[in-house]
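So you know, we letter chains A, B, ... as the sequences are listed, proteins then strands, and number each from 1. Scope of the values below: all heavy atoms of this structure, side chains included, with no hydrogens, waters or symmetry mates.
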Amino acid sequence: MNKYRSHNCNELRKKNVGNEVTLAGWINKKRDHGNLLFVDLRDNYGITQCIIEKENKQFKDFEKIQLETVVKIIGNVVDRSSETINKEIDTGEIEVSIKNYEILGACKELPMPIFSDQEYSEEIRLKYRFLDLRRKKIHENIILRSKVISFIRSEMNKLGFLEFQTPILTSSSPEGARDFLVPSRLNPGKFYALPQAPQQFKQLIMVSGFDKYFQIAPCFRDEDARADRSPGEFYQLDLEMSFVEQQDVFNVVEKLLVTTFKKFSNKKLMFGKFPKISYSEALLKYGSDKPDLRNPLIINDITEIFSRDDVSFEIFKKLIKSGSKARCIVTKNTKDKPRSFFDNIDKWAKDQGASGLAYFTIEKNKDISAKGPVGKFFSKEALEEIMKKTGAKVGDSIFLACNKKNEIEKITSLARDKIAKELGLIDENIFAFCWIVDYPMFEKDELTKKIKFSHNPFSMPQGDIDKINFDKPLDILAYQYDIVCNGVELSSGAIRNHIPELMYKLFSIAGYEKKKVDEKFSGMINALSFGAPPHGGIAPGIDRIVMLLANEKNIREVTMFPMNQNAQDLMMKAPSDVNEEQLKELSLSLKIKK
RNA sequence: GGGGGUGUAGCUCAGUUGGUUAGAGCGAUCGCCUGUCACGCGAUAGGUCGAGGGUUCGAGUCCCUUCACUCCCGCCA
């Protein structure tokens, strides 16, 4: 026992009654009855009720102590009478009668209450993060994060993976996100970059013969934030394996995620074995490469219907002639939904920048017919064809949109979420994982019309290498894959291209000359020509995994010291100015736009 | 870079068609209270209504500009 405490605040039970104990913690709450004062003393482990009466010389002083003051309390554990037992807390059967106390850490007037379920502005929370972190929910989230990470570590160790650290100061890479740059003092005018991910290093670890690597790796990307995306930095479970095919990586990660999610959440897994959905199928059926599979709605392409003579929906017909697609979402048995339900969704779609969503409901009196603003444009036969194609039945409704491929994917994807929410189709108590596979190696930049890597330039193209048709780069698929859970992109990975000639070839398609590749990826391209094993890996996002497990919508809720949306740390006041001396040492001068 | 939301007491919020002295709960301070666990009761203090400009006899409320926070689009291989 040290001088601060003999027990923590969640330790004392009935068996301790009669003991003299020393507790230390924060004053969570006081209930002052004038001649009798209850104090809830809180620490990391729990709460113990302490009590002081006016007979105690220190009573008057104690009454005045500010909440959140840190105190040491010496007292006797006493039994609570049956009617005063508090079942809400673990120590609720006893209380500590205060003999003596001592203030260990005084507390000023608080900018925000700690013991409260109130929400506070992000600004206050971030500025006083150390206070915010005392609050129950977020305190528990951070503890959960720690437990999840150490569980993952031990599982990875059991699976034979070795954990290695890779450099934080490395070189800038031309592909991908914007780099954070760090000026070099010893090399004036030159810059390090913080790693966007340890991508090249982990491949070099494979070339070095270590076989299986992992790391809870910090990653740095200078891009704008989102609710599920921290500005600046985040963590990945980075892993890489030698002599593996795609399925080998899947086996490891699937097992790891299933055990992790079962251990840390009560929610059910929708699939024991993650379904595999190709990128192109995902875009067609869900409008997105990160579909929420809890949502049963499916998007159908019905472009062909509009070439029929007995369909007179001229706006769509015209758009389709100029290259647009028509796609629809069927909602089951919605014939009795009020007109406002449909109109609200149409209005919502317009708010999203789409031209709206047309709709009709399939009815049958004598013949099949369609009710709704655009129902009249479809003949009985056309409706029957739509029903055949989409599985729609009498009583179901159909929402339609028509636009260019990219646009229609975007709006139908959003509409799929929106309609499911309106109809309450999403079971919040489920985790629905899936693999998205068969990503294209390249895509066309809409602005520049140039061919560029669609994801990771180091991915291995699919098929027999000798037979790949490099003249049609957009048709080349890659051994590139993502894991998606409940519509959240959890990780992406690939089987890597370990053949230098093939790498040069692919980079040349994306507009990089051999010289440039040698220059920008010198470490890796060189290494690959000295006996590189076939290898592959993946990197699940730790923050997002914890976010799903903690049932939080915002990544800040599972991050100990997050930055705000403008990538500022309001508590530490980062980023900050530096003095002339520092700049001079780095051979830098500032030119700031007004 | 673009679009939306929010901004009123230390904190969370209310504030009507533009109309007297801008309110409530929590917190703070003071007083009363021996079984509370969101203790109770009474009193007091606490406001540049984010900032600046405009319209008006009169602006928390209407208009313009701007700032902060946040959500989304772009971006994130």
Item to check | Same-atom distance (C1') from B:C13 to B:A9, integer angstrom | outcome: 11 Å
Item to check | Sugar-phosphate, base or nothing in reach of A:E68, heavy atoms under 4.0 Å | outcome: nothing
Checklist entry - Atom CD1 of A:I85 and atom C1' of B:U36: how far apart are they, to the nearest Å? => result 14 Å
Checklist entry - In whole Å, what is the span from the CD atom of A:E63 to the P atom of B:U29? => result 11 Å
Checklist entry - In whole Å, what is the span from the CD1 atom of A:I114 to the P atom of B:G27? => result 14 Å
Next on the checklist: Looking only at the side chain of A:R226 (C-beta and beyond, no hydrogens), which of the listed nucleotides B:C69, B:U34, B:C73 gets closest?
Outcome noted: B:C73
Checklist entry - Is A:Q480 touching bases, backbone alone, or none of the nucleic acid, heavy atoms closer than 4.0 Å? => result nothing
Show each protein N/O and nucleotides 43-47 of chain B N/O combination with a separation under 3.5 Å, one pair to a line.
none

Checklist entry - Between atom CG in A:D79 and atom C1' in B:G35, what is the gap in whole Å? => result 14 Å
Next on the checklist: Can a donor-acceptor pair be found, under 3.5 Å and without considering hydrogens, that links the side chain of A:E140 to the backbone of A:K137?
Outcome noted: no
Item to check | Minimum-distance nucleotide (side-chain atoms of A:F38 versus B:G35, B:C69, B:G74) | outcome: B:G35
Checklist entry - Base, sugar-phosphate alone, or nothing: which one does A:E122 contact when heavy atoms must sit under 4.0 Å apart? => result sugar-phosphate
Checklist entry - Can a donor-acceptor pair under 3.5 Å be found between the side-chain atoms of A:E123 and the base atoms of B:U70? => result no
Checklist entry - Donor-acceptor pair, A:N56 side chain versus A:E53 backbone, under 3.5 Å? => result no
Checklist entry - With both distances kept under 3.5 Å, what pairs with B:A24, Watson-Crick or G-U wobble? => result B:U12
Checklist entry - Would a distance-only check, ignoring hydrogens and angles, find a side-chain to backbone donor-acceptor pair under 3.5 Å from A:D40 to A:N28? => result no
Item to check | Whole-Å C1' distance, B:G3 and B:C75 | outcome: 15 Å
Item to check | Phosphate OP1/OP2 of B:C71 contacted by A:N554 side-chain N/O (<4.0 Å) | outcome: yes
Next on the checklist: What is the distance, to the nearest angstrom, from the CD atom on A:Q565 to the C1' atom on B:G3?
Outcome noted: 13 Å
Checklist entry - Looking across every strand, which nucleic acid part, if any, lies under 4.0 Å from A:R556 by heavy atom: base, sugar-phosphate, or nothing? => result sugar-phosphate
Checklist entry - Is a donor on one side and an acceptor on the other found under 3.5 Å between the side chain of A:R544 and the backbone of A:E489? => result yes
Checklist entry - If you check every side-chain atom of A:A177, which of B:C76, B:C30, B:C33 has the closest atom? => result B:C76
Checklist entry - For every nucleotide of nucleotides 8-14 of chain B, 5' to 3': is a protein heavy atom under 4.0 Å from its base (B), only from its sugar-phosphate (S), or from neither (-)? => result --SSS--
Next on the checklist: Counting the atoms with a prime plus P, OP1 and OP2 as sugar-phosphate, which does A:S454 contact under 4.0 Å by heavy atoms, base, sugar-phosphate, or nothing?
Outcome noted: sugar-phosphate
Checklist entry - When A:E122 is tested against each of A:R556, A:K127, A:R129 for salt bridge (charged side-chain N to carboxylate O under 4.0 Å, His left out), which residue passes? => result A:R556
Item to check | B:U6 and B:C62, which share atom name P, separated by this distance in whole Å | outcome: 11 Å
Checklist entry - Which value, in whole Å, describes the distance between the C1' atoms of nucleotides B:C69 and B:C37? => result 35 Å
Checklist entry - Nearest of B:C76, B:U70, B:U36 to any side-chain atom of A:R80? => result B:U36
Next on the checklist: For A:D90 and A:N10: C-alpha separation, side-chain torsions, deciding distance, then whether side-chain hydrogen bond (donor to acceptor under 3.5 Å, both in side chains) applies.
Outcome noted: CA-CA 6 Å; A:D90 292 343; A:N10 200 39; 3.2 Å; yes
Next on the checklist: How many whole angstroms separate atom CD of A:E88 from atom C1' of B:U36?
Outcome noted: 14 Å
Next on the checklist: Going by purine N1 to pyrimidine N3 plus the second Watson-Crick contact, or the G-U wobble pair, all under 3.5 Å, which nucleotide sits opposite B:U56?
Outcome noted: none
Checklist entry - When the distance from CD1 of A:I52 to C1' of B:U34 is rounded to whole Å, what number comes out? => result 13 Å
Item to check | Residue A:F470 excluded, over 12 heavy atoms near CZ under 6.0 Å | outcome: yes
Checklist entry - Of the nucleotides B:A38, B:G35, B:C69, which one has an atom closest to the side chain of A:K29? => result B:A38
Item to check | Close side-chain approach of A:M460 and A:L502, heavy atoms under 4.5 Å | outcome: yes
Next on the checklist: Between A:T559 (side chain only) and A:F561 (backbone N and O only), is there a donor and an acceptor less than 3.5 Å apart?
Outcome noted: no
Checklist entry - Between the main-chain N or O of A:S522 and the side-chain N or O of A:D518, is there a donor-acceptor pair closer than 3.5 Å? => result no
Next on the checklist: Does B:G35 have its OP1 or OP2 closer than 4.0 Å to a side-chain nitrogen or oxygen of A:Q49?
Outcome noted: no
Item to check | Reported OH-to-CD distance for the pair A:Y504 and A:E513, which is rounded to 0.5 angstrom | outcome: 12.5 Å
Next on the checklist: Quick check on B:C37: is either OP1 or OP2 less than 4.0 Å from any side-chain nitrogen or oxygen of A:R42?
Outcome noted: no
Checklist entry - Once you round it to whole Å, what is the distance between C1' of B:A28 and NZ of A:K30? => result 11 Å
Next on the checklist: Categorize A:N566 for me: base, sugar-phosphate, or nothing, with a 4.0 angstrom heavy-atom threshold over every strand shown.
Outcome noted: sugar-phosphate
Checklist entry - With a 6.0 Å cut-off on ring centres, are A:F453 and A:F442 close enough? => result yes
Checklist entry - For A:D117, which contact category applies under a 4.0 Å heavy-atom criterion: base, sugar-phosphate, or nothing? => result nothing
Checklist entry - What does B:C69 pair with, Watson-Crick or G-U, if both distances are under 3.5 Å? => result B:G5
Item to check | hbond_proxy A:R229 side chain to B:C75 base (donor-acceptor, 3.5 Å cutoff) | outcome: yes
Next on the checklist: Roughly how many Å apart are B:A59 and B:U16, using the P atom of each and rounding to a whole number?
Outcome noted: 16 Å
Item to check | Chi angles and distances behind the side-chain hydrogen bond (donor to acceptor under 3.5 Å, both in side chains) call for A:D482, A:Y279 | outcome: CA-CA 9 Å; A:D482 274 19; A:Y279 176 79; over 6 Å; no
Checklist entry - Which sits closer to the 5' end of RNA chain B, A:L67 or A:D40, going by the nucleotide each is nearest to? => result A:L67
Checklist entry - What about A:R31: does its side chain form a donor-acceptor pair under 3.5 Å with the base of B:U34? => result no
Next on the checklist: Let's test your reading of the model: under 3.5 Å, does the base of B:U34 pair with the side chain of A:E53 as donor and acceptor?
Outcome noted: yes
Checklist outcome for this item: Of A:L126 and A:K452, the one whose nearest nucleotide on RNA chain B sits closer to the 5' end is A:L126
Next on the checklist: Heavy atoms only, 4.0 Å cut-off, all strands: where does A:K87 land among base, sugar-phosphate and nothing?
Outcome noted: nothing
Checklist entry - With a 3.5 Å cut-off and just heavy-atom distances, do the side chain of A:E223 and the base of B:G74 make a donor-acceptor pair? => result no
Checklist outcome for this item: The Watson-Crick or G-U wobble partner of B:U34, with both key distances under 3.5 Å, is none
